[in-house]
Participant: 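Just dropping this structure here.
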Amino acid sequence: QVQLVESGGGLVQAGGSLRLACAASGSIFGIRAMGWYRQAPGNQRELVARITSAGSTTYADSVKGRFTISRDVAKNTVYLQMNSLKPEDTAVYSCNADIKIYRNSPDTPYWGQGTQVTVSS
């Protein structure tokens, strides 16, 4: 079984910083891409940032210049450094990974349980 475990959420004042981490464990042959999504109450889940195994990154326009995604391939871990946080960043942040559990298996999306990020004004 594959498991994604997130950490690092919490409460922070506007302008502050938080660092999220997500570690994948279990029967993993390879991970093509990992990313972070968020969902605020009443809103649809949206992509925040994504990074491929080659290091290519994608960011939502709303977080460009403030958030940085990085990845430790050896540890199957992805990080999201969030700076200059705004109240509108408040949401449940969930980790996603496209994982191949053996050589010829398809890339399958897995999700973490989510971690709450609350930014107070």
Participant: For residues 50-121, pull every pair meeting disulfide bond (SG atoms under 2.5 Å apart), keeping only residues two or more places apart or in separate chains.
Facilitator: Cys22-Cys95

Participant: Step by step, would you call Thr68 with Leu80 a side chain to side chain contact (heavy atoms under 4.5 Å, CB included)?
Facilitator: CA-CA 6 Å; Thr68 303; Leu80 185 68; over 6 Å; no

Participant: Just jot down the side chain to side chain contact (heavy atoms under 4.5 Å, CB included) partners of Gln39, sequence neighbours excluded, or say none.
Facilitator: Arg45

Participant: Can you check whether Val119's main-chain N or O pairs, donor with acceptor, with Thr90's side chain at less than 3.5 Å?
Facilitator: yes

Participant: Strictly by salt bridge (charged side-chain N to carboxylate O under 4.0 Å, His left out), give each pair with a member in residues 1-23 just once, sequence neighbours left out.
Facilitator: none

Participant: In Å, rounded to the nearest 0.5 Å, how long is the span from CG of Asn76 to OG of Ser25?
Facilitator: 8.5 Å

Participant: Taking side chain to side chain contact (heavy atoms under 4.5 Å, CB included) as the test, write out the residues that go with Thr108, two or more places apart.
Facilitator: Pro106, Tyr110

Participant: Begin with the C-alpha distance, continue with both residues' side-chain angles, and end with the deciding distance and a verdict on salt bridge (charged side-chain N to carboxylate O under 4.0 Å, His left out) for Asp89 and Lys86.
Facilitator: CA-CA 5 Å; Asp89 294 318; Lys86 304 176 181 179; over 6 Å; no

Participant: Is a donor from one side chain sitting under 3.5 angstrom from an acceptor on the other, for Gln116 and Thr118?
Facilitator: yes

Participant: Under the rule for side chain to side chain contact (heavy atoms under 4.5 Å, CB included), what residues qualify as partners of Leu47, not counting sequence neighbours?
Facilitator: Tyr37, Arg50, Thr58

Participant: Should Ile69 and Trp36 count as side-chain neighbours, where that means a heavy-atom distance under 4.5 Å?
Facilitator: yes

Participant: Mind checking the CZ-OG spacing from Arg66 to Ser84? Nearest 0.5 Å is all I need.
Facilitator: 7.0 Å

Participant: Using side chain to side chain contact (heavy atoms under 4.5 Å, CB included) as the criterion, list what pairs up with Ser70, not counting sequence neighbours.
Facilitator: Tyr79

Participant: Under 4.5 Å between any side-chain heavy atoms of Val92 and Thr115, yes or no?
Facilitator: no

Participant: Using a 3.5 Å distance criterion without hydrogens, assess whether the side chain of Ser105 forms a donor-acceptor pair with backbone atoms of Ile101.
Facilitator: yes

Participant: Between Thr77 and Asp72, is there a side-chain donor-acceptor contact under 3.5 Å, judged purely by atom types and distance?
Facilitator: no

